[in-house]
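Read through the structure below, which is laid out as structure tokens, and then see the notes.
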Amino acid sequence: MEPVDLEFEEADLELPSEPMTLLMGPSHPAMHGTIRMILKLDGETVQEVDIQPGYLHRGFEKMSERGTWSQVFPYTDRLNYVSPLLNNVGYALAVEKLLGITVPRKGQLFRVILGELSRISDHLTCNGAIAMELGAFTPFLWYLKAREWVYEACEEQTGARLTHSFFRIGGAAAQPTAKLENLIVPMLPKLLEVVAEGESLLLKNRIFLDRTQGVGILTKAHAQQMGASGPVLRSTGIDYDVRKDKPYLTYAECDFDVPVGEDGDTYDRFMVRAEEIRQSVRIIEQSLAMLKKIAPGSPDDAVSVSDPRIVLPPKKDVYTTIEGTIAHFKLIMEGIDVPAGEVYGYTEAGNGELGFMLVSRGGGNPWRARVRGPCFFSLQAAHDMIRGKMLADIIPTFGSINMIGGECDR
Amino acid sequence: MPTFKLDDREIPFEKGETIIQAAHRQGIEIPHYCWHPGLSIAANCRMCLVEVEPPPGQRAMMLDILTWDAAKNDYVVDRKPKLQPACQLAASDGMVVRSESSHFVKNTRAHVQEFLLANHPVDCPICDQAGECKLQDYYLSQQHTPKRMLDEPVHKPKAVPFGDTIVYDAERCITCTRCIRVCDELAGDHMLDLRERGNRNEVVLAPGRKLEGDYTLMTEHVCPVGALTSRHFRFKARVWTLKETPSICTGCATGCNMWVDVDPREERAYRNRPRDNAAVNKYWMCDDGMMTYLRETERRVLEASARGDAGRTKLTVDQAIERAAAALKGVPKGWLAVLLSAQASSEDNFVMVEFARQLGAPLYLSAKAGWKGDKILRSEDQNPNRAGAVAVANNAKVGTMKDLLHAVSAGQVQAVVGLGTDSDAEGDALATLGRVSDVVLLASHDGPLAARSTVLLPAASWLEAPGSFMNVRGIAQPFAKALPPKGDAVPAWDLVARLGRAMELDLKYRKFKEVRAAMAVITPAANPEKSSTADATAPAVQPQTTA
Amino acid sequence: MPGKTKVLKKPNRSLAEQAYLLEIAKGLGTTLKHFWQGTSQMVSGNTPDAVKDPWADGIATISYPDEKRPYAERWRGVHRLTHRDDGSPRCVACLCCSTACPAQCIYIKPAEYAEGDARHGYERYPELFVIDELRCIFCGFCVEACPCDAIRMDTGTHMTAYDVKSDFIYDKAKLMSMVSQHGTQKSENPRHEPGDPTHPGVDRLHGGH
Amino acid sequence: MLLFWISAIVKIALIVGTLVNMAAILLWVERKQSAMMQNRIGPNRATIKIGSLEIRAAGLVHSIADGIKMIWKEDWEPVGVDKFLYRLAPIAALVPPLCLFAVIPFGPTLYPDHARDLYDASWAQDAMRAVPMQITNLNVGVLYIFAVAGAGVIGAALAGWASNNKFSLMGGLRAASQMVSYEVAMGLSLVGSMMVYQTVRLDEMVTWQTQHCWGIFTQPLAFVLFTTAAIAETKRVPFDVPEGESELVAGYFTEYAGLKFGMFASGELVEVCTSSALLVTIFLGGWQLPFVQLTGFEFHALGIDLSWHWAHFIVVIVGVLTFVLKCAGLIFMQLQIRWTLPRFRYDQIMKLGWRMLLPAALVNVLATGMVLLFLNGGAHS
Amino acid sequence: MSKLILERLQAAFGDDIVEVSSFRGDDVAVVKPSRWVDACKFVRDDPRCDCGHFTDLSAIDRCDPRTDELDMADRFEVYVIAYSIAKKHRVRLKVRLPGDEPRIATLVGVWAGANWMEREVYDMFGVRFEGHPDERRILTYPEFKGHPLRKDYPANLAQPLLEYREGTFNKLGPFLQDEGMPLNRSPRSDDRN
Amino acid sequence: MAELETRVLGGGESGFATTKFELLLAWARKYSLFQYPFATACCGMEFFSAASPRYDIARFGAEAPRFSPRQSDVLWVVGTISQRQAPVLRRVYEQMTEPKWVIAFGTCASCGGFYDNYATVPGIDKIIPVDVFIPGCPPRPEAVLDGLMLLQDKIARCDRTPETVKNTQLPAGAEETLEKLYQLRMKP
């Protein structure tokens, strides 16, 4: 309904002023290079905002349809490139759901451990970036230092620092190396120390509190409507965590808490992520203990299923036996023959529920591989968090959504 | 129609058909190596074994066997039914056959497959069959267990030359005898045979012979594994990178259906393979037809040119069309001759006929001279589309090349517009063409006519444009575009249409679809959709009738 | 399942926090501590060995290029083509790697060994083996896809920067010149292709044995 | 008279030279200091090679490189700018902080004729032969400072306006309002001090502190307020909203390149120096070192009597050095703050300025007045 | 997982639910286009379904251009996934649309979050959403021609939108204007009565 | 733009006839590289890593990130440039003041990487000149520093020729195959 035309008075009372339109991004330092916001500003207040994603649209879904099921892994690495292993795990689990197979226990624990390390690096980056964008550069660099440790541990296991492409349908590309524990166990307390030190600069500091508390508020109902998930949803007070609500891998056996916030403001999101780092550390410690308990040589003591129709045979077999060579060739040439069907596989990634809607028509290539990038949903909700607030509030709000271009624009 | 039951599915069959045939017709594949729909039954690979349930009231024939019990770590006595080869077992009404649903069958197939692989060399990386090898297919679908035999496999001769076209690898051979049967039954020449027994068994040439004749490549085509490889194709490409396109052989007037395998990355054709069509070529092609893909790139015309006083000058296609149009415009009505081509597609010829009709020009037909045909597939006429060219002329008189040359010598022709470059007339006779002031030629390859043209336009070859051929028996068959045109080449019908438009004729064709549609209306006989008996893309499901 | 929801309450702000100064001073104290640690280490030259002890307090910088961190055993670096015993490439140009490569950065032109070569007629070899290292995404799929252990990424180096695109095109000779982390160029694949002089018992025309 | 002119020119040259170089040095200090805080090494790879000698100077050479590069960087002007104002802005940003130093006493007065003598109060009568360690001794001292510091805002505002860029404009506006607001708090915070010192001349303030005690003890609140306001005036974290990188790209000087950008950047660093110098002068006793009198070291307390007489020029040098070191300490503190704190939001800055600093400054004036009234016991009434 | 939601849906909508299935624990119901919004509202509001959390909305192109006609009757499948945080179950609702001018009513009124997802489906598949408040492309740019996730769009078909460098630099043409798009008019849950 | 042309044309000549002053200037520029990080994607993470305390790109004097293109000397194009992003990148490059350098950071920026599809620009050298390519997906910080040092070398040599093709030792016949390979890739 159009309001009744009452334009005669109000316009005359004040000096005519036009709202200023400001283009922010995509190369704006706070927009992570991939978002453009068109702002209508009244002074410093944001009257209206048009958030335009898509500057990092790289055709993930189209590219997935081109290659085999396995060739999607490098692309998944680059979805949420701050926590690549979680995407690897998410995609592998979705395809495994479609195939109806389960990975041996060691493989599951390995996925949990590396995945949670990835989550830590994600949250370190996000929280560090919030601090940096608020002008506190030092904690950011401290967090980066800690993140390097995580990268170095992951490099030892997977052979790459960031884009690991490590997990496979039906397992992982390799066994954990002997250094797994040596690299992780002494690191974790150090890492928590760094986190605490960074927080000591921020959490009691009124400048930081004023900048984050009451800023970028998302209500419970609205968050659900918008499809928000992960830390953004939990900050509103909803304790939805796929690891708890629909446990996968070995999360059901782990003792960890789901941190939730109170108001859904930037501070809550910061705190939820900070707490999740601590919970992830707990999960890793427990998983390492569980890993130790696996009896060598038992069926559990494998990272991959042994079906040659799904997992490449061991290299030794490929070099020396025709059976291995054939299986190897079939998988390389044609890919895994995934039966027709469609599933929605979802896991808790760094930013929330990472869903893969996979459609197979049989054969080696995905028919459709849709990614539900959690931050695409959160970013949509950002519109309401930003509107009516001040220009400077965009930065922590946007930062705490942890918009990752690869996952958002795909 | 009588039916039998295969894995709970009713399969209709005709009397005398075997189970595998009837299932094959329904699109169900029962694993097999030695059986081939076009060949006689050998039943030696044992891959197609199926379980046949006894008729009601009768006891199943059971055999005592030993099976390995992992729990007891020993063999235990067990029983299994006697399985039957589906390729040899004639179907009977109401029969109940179990293939995939029987664990006995599955178990047996796994073991047959394992047995076939027992001595197989680790050759996939160097084997050209990898990617279309039945051993690979059935390993994953039937066996998928790791190797158990750890001994050194039996070594047999490798890289044995079987004539000029085929190389044989005995280690890869599963002695299914398909190649022997092809020689016997298709070529009618017993050049190959088996020798030795058991794991020494191998295919050998008949003493003093080598693999020769016109159908040697069919031995490679039927080989389900990588034992026989073609010298032309081996080590050149990998089959899984190739893309197949349905096409028609241009070698002779038989019009054998074939697949052309091209590498889309390199835009190059790597081989031809027969495409099953019961009405035309059944499952076969001759060696010359298989090699036509090589001819496609030889002596190509890739740019437009015109002959001037100082030799040929290169032109763009548009310039050449302009020049040709300018020359042809001055030719008085009736003094222009239009030359159709028995090598070009019906669509090209059709537009050419339209062109001629609008100018009132008489039609002639250029064609290759004949070659030696045989009773199997090879037609004596080397031109794939003589019938089509005549059909699109739509009852207009089509003179031969000789007629044209007569007309030229009689001074009745001032200019010629022609398709193709082939001529059945010899060199000296062709020299007569020198009397004609303008010879505009649209050719994909260089040849006797192209050399005598005054304006030469580059046409797309048969792999570079879609079209259709009508074979000697009057069956019009479409073929698809497999490669993008090379150089400046443009489909011939398009060139004719552009030339016509440059001459202010009414030739509106801009898309291939439009040409095909017009052809379907004006000369329905030549339209492949109407008269083709087999869909170009559908798999062969016709029962075989080969002897 | 154990574990529960943990509500993170917003703490009440004390007056000290509201007045900025105290907490700012504490923050300054923390950063001063780091400053003092770093400065004293730098001045005294006692910086911790960042390579061996990444978790040490204080200066954590690896002074690349003067110091280098050894790469992980599994680190996927620049490719190399392995050698056979006679120094020829292990690769048989089966094209598995280029098939598996998501970036399509491997180009192989297979060919048959020349007449007279022991392997003539038996196997193929890569006449051209080119990797565009600029295009490569270092996912390791080529190594995984190789059925012959012919291509490896265990060189323990990273691909360095160039200012010219064509420098990134690594051809067969260059790839074969790369050495693994452990100094070897040999392949670990024990298989002998049939044309190999070391292949057991092959008689070209009649099965030996 | 000749001495006056010579000494004035030497002093101006010395101070301007030092300040401009200080920008380069501070750049290095800032980099190194932040690096140390962040567990890294910081710039160290630039080398000057003189023969076989390689000078790295722990990264100080990088600052030289920065300067040279900046000077020869393309001086580009965006389309549609007001050329005059655009060029004026960087000058307007750099000059006021330099001018500010004119009235700051950075050492005891030097009597060149008596350089080697012990101090004698009688020299002071021969004013013509004195070289005060201050460029000019204005009798409006502090007021001059307010006036000149207030002019500093012009640079930022002009730059923001002239750049024809929305981010610049917002930055300029923010800078203008922020500086004007804090100007008020800054001025009021000093009122108390002026009341205590009973003067507006800076040299007299130092003298008063020499005789009594440092201003930080008489006016602790004013010190805090003035420090806050001074940091705000320098537009650095946590008050760097006019150029807040993550919000306004580079704020009011987004469109400036090359040397002009360098002038803004160094203007900022010079402001850090000046504000430190002001703080030292007003609150930390200026060039005065405890127990060092004009005659030398004097300690008369706790029943100990120590005196150690120095030649006059030594006293002057010690004074200047003291001043420099005090400034350095404050600069260090400012840089430390810059690398520790997050930044305010624009409206929070305004709130802080108007709702906290200003009332506090007023309270301070009131309290000072009452204390003074009480101490003086209504002597003048 | 019980098939509670599917049963409730079938009870409420009868024949308008074209098809239900459960595969690997995923409950799927195909709805007739005419009841699309109603079915979604039902799973959101029905107290026993209670699927208030909007999880995903996207589409699938079921056409294989090699074998199927491009305008096949059920070419596009638009699906929405809804989740109940309290009851921990989720459902996937689908609607099948023809390849020729696919249109469907918008879900923005049901879940505000459908806004961008529907824009994405429009962008990628060309499905129009009737009543959508802000229908424009989201991941590609306004000048983009075609819909990239349709099966008949070649993956590497680059569009000549940018003035690429040709030869020397100074030949560069004028640049694309900023995308002067209208400001976001997305409906918000809280100011919608 | 006219300047640009002289720069491109004259680069080679001035590259050899350098004066003392030019050397001094080159030295200064080499050690004072203000960077504009045009970070869009995954590579941004490794760019952070290069700036992190573990690798500390500041040691090279390339500390200060200036988000205003006017004030920066080197444009790091970090991550995938999509068709939609490309005009923005071009604009940023045009806004930079001379002298300016461009580093293509990572596979995507250098050649599009494995995103050879409708959305991605196959290498930023299609849009702007590039001085240094850093391979890797993403490059590890060591490689980043290698690239930076290479750029410093280039600056010190007064080498202002972006992306000039030098001769490399390739086997006979490889060139045309490579040419073909590239053509195939660049084909729409």
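Each chain gets a letter, A, B and so on, in the order its sequence line appears, and its residues count up from 1. Values below: every heavy atom of this structure, side chains too, minus hydrogens, waters and symmetry copies.
Ranked by heavy-atom pairs under 4.5 Å with chain C, the first of A:Pro139, A:Ala173, A:Pro186, A:Gly237 is A:Pro186. When the candidates A:Thr177, A:Asn205, A:Thr320 are compared by the number of heavy-atom contacts under 4.5 Å with chain C, A:Thr177 comes out ahead. The residue among A:Met63, A:Met271, A:His164, A:Lys315 with the most heavy atom pairs within less than 4.5 Å of chain C is A:Lys315. The residue among C:Met153, C:Glu73, C:Arg69 with the most heavy atom pairs within less than 4.5 Å of chain A is C:Arg69. Between chain C and the residues A:Gln213, A:Met333, A:Gln279, the largest count of heavy-atom pairs under 4.5 Å involves A:Gln213. Listed options C:Gly27, C:Pro54, C:Gly29 were ranked by heavy-atom pairs under 4.5 angstrom with chain A; first place goes to C:Pro54.
Neither the backbone nor the side chain of A:Leu331 comes within contact range of chain C; no heavy atom of the residue lies under 4.5 Å from a heavy atom of that chain. Neither the backbone nor the side chain of C:Cys97 comes within less than 4.5 Å of any heavy atom of chain A. Using a 4.5 Å cut-off between heavy atoms, A:Thr158 touches chain C through its backbone atoms (N, CA, C, O) alone. When heavy atoms are compared at a cutoff of 4.5 Å, C:Ala145 approaches chain A by way of both its backbone and its side chain. Contact of C:Cys148 with chain A is made through the backbone alone, with heavy-atom distances under 4.5 Å. Contacts between A:Lys145 and chain C at a heavy-atom distance below 4.5 Å involve the side chain alone, from C-beta outward. Residue A:Leu191: no heavy atom, backbone or side chain, is found under 4.5 Å from chain C. For a residue to count as touching a neighbouring chain, one of its non-hydrogen atoms must lie under 4.5 Å from one of that chain's; by this rule A:Leu312 touches chain C with the side chain only. The part of A:Asp265 that comes within reach of chain C is its side chain, from C-beta onward, which places non-hydrogen atoms under 4.5 angstrom from that chain. Proximity to chain C involves both the backbone and the side chain of A:Ala174, based on heavy atoms less than 4.5 angstrom apart. Contact of A:Val72 with chain C is not made at all, since no heavy-atom distance falls under 4.5 Å. In this structure, no portion of A:Asp77 lies under 4.5 Å from any heavy atom of chain C. Proximity to chain C (any heavy atom under 4.5 Å) is shown, for A:Gln71, by both the backbone and the side chain.
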- Task: Output, in order, the C-alpha distance, side-chain angles, deciding distance and verdict of salt bridge (Lys or Arg N to Asp or Glu O under 4.0 Å) for A:Arg161 and A:Glu148.
- Result: CA-CA 9 Å; A:Arg161 282 165 53 86; A:Glu148 284 300 306; 3.1 Å; yes

- Output, in order, the C-alpha distance, side-chain angles, deciding distance and verdict of side chain to side chain contact (heavy atoms under 4.5 Å, CB included) for A:Asp255 and A:Gln286. CA-CA 8 Å; A:Asp255 176 19; A:Gln286 293 170 37; 3.7 Å; yes

- Could you go through the salt bridge (Lys or Arg N to Asp or Glu O under 4.0 Å) check for C:Lys26 and C:Glu23 one step at a time? CA-CA 5 Å; C:Lys26 277 191 194 164; C:Glu23 290 304 330; 3.4 Å; yes

- Task: Take C:Met159 and C:Phe168, measure what side chain to side chain contact (heavy atoms under 4.5 Å, CB included) needs, and give me the verdict at the end.
- Result: CA-CA 9 Å; C:Met159 185 64 206; C:Phe168 292 100; 3.7 Å; yes

- For A:Leu144 and A:Phe140, what are the C-alpha separation, side-chain angles and deciding distance, and is it a side chain to side chain contact (heavy atoms under 4.5 Å, CB included)? CA-CA 6 Å; A:Leu144 279 191; A:Phe140 173 61; 3.8 Å; yes

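The aromatic ring centroids of A:Phe73 and C:Phe141 lie 6.0 Å or more from each other.
Using a 4.5 Å heavy-atom cutoff, the side chains of A:Phe208 and A:Leu134 are in contact.
Across all non-hydrogen atoms, the minimal contact from C:Arg135 to C:Cys105 is CB-CB, 3.8 Å. Smallest separation of non-hydrogen atoms from C:Asp57 and C:Gln41: O-NE2, 3.4 Å.
In summary, the side chains of A:Thr68 and A:Glu334 do not present any donor paired with an acceptor at a separation below 3.5 Å, with no hydrogens or angles considered.
When the shell of 6.0 Å around NZ of A:Lys179 is examined, it contains 12 or fewer heavy atoms from other residues, nucleotides or ligands.
The salt bridge (Lys or Arg N to Asp or Glu O under 4.0 Å) test with A:Arg234 is passed by exactly one of A:Asp268, A:Asp239, A:Asp241, A:Asp257: A:Asp241.
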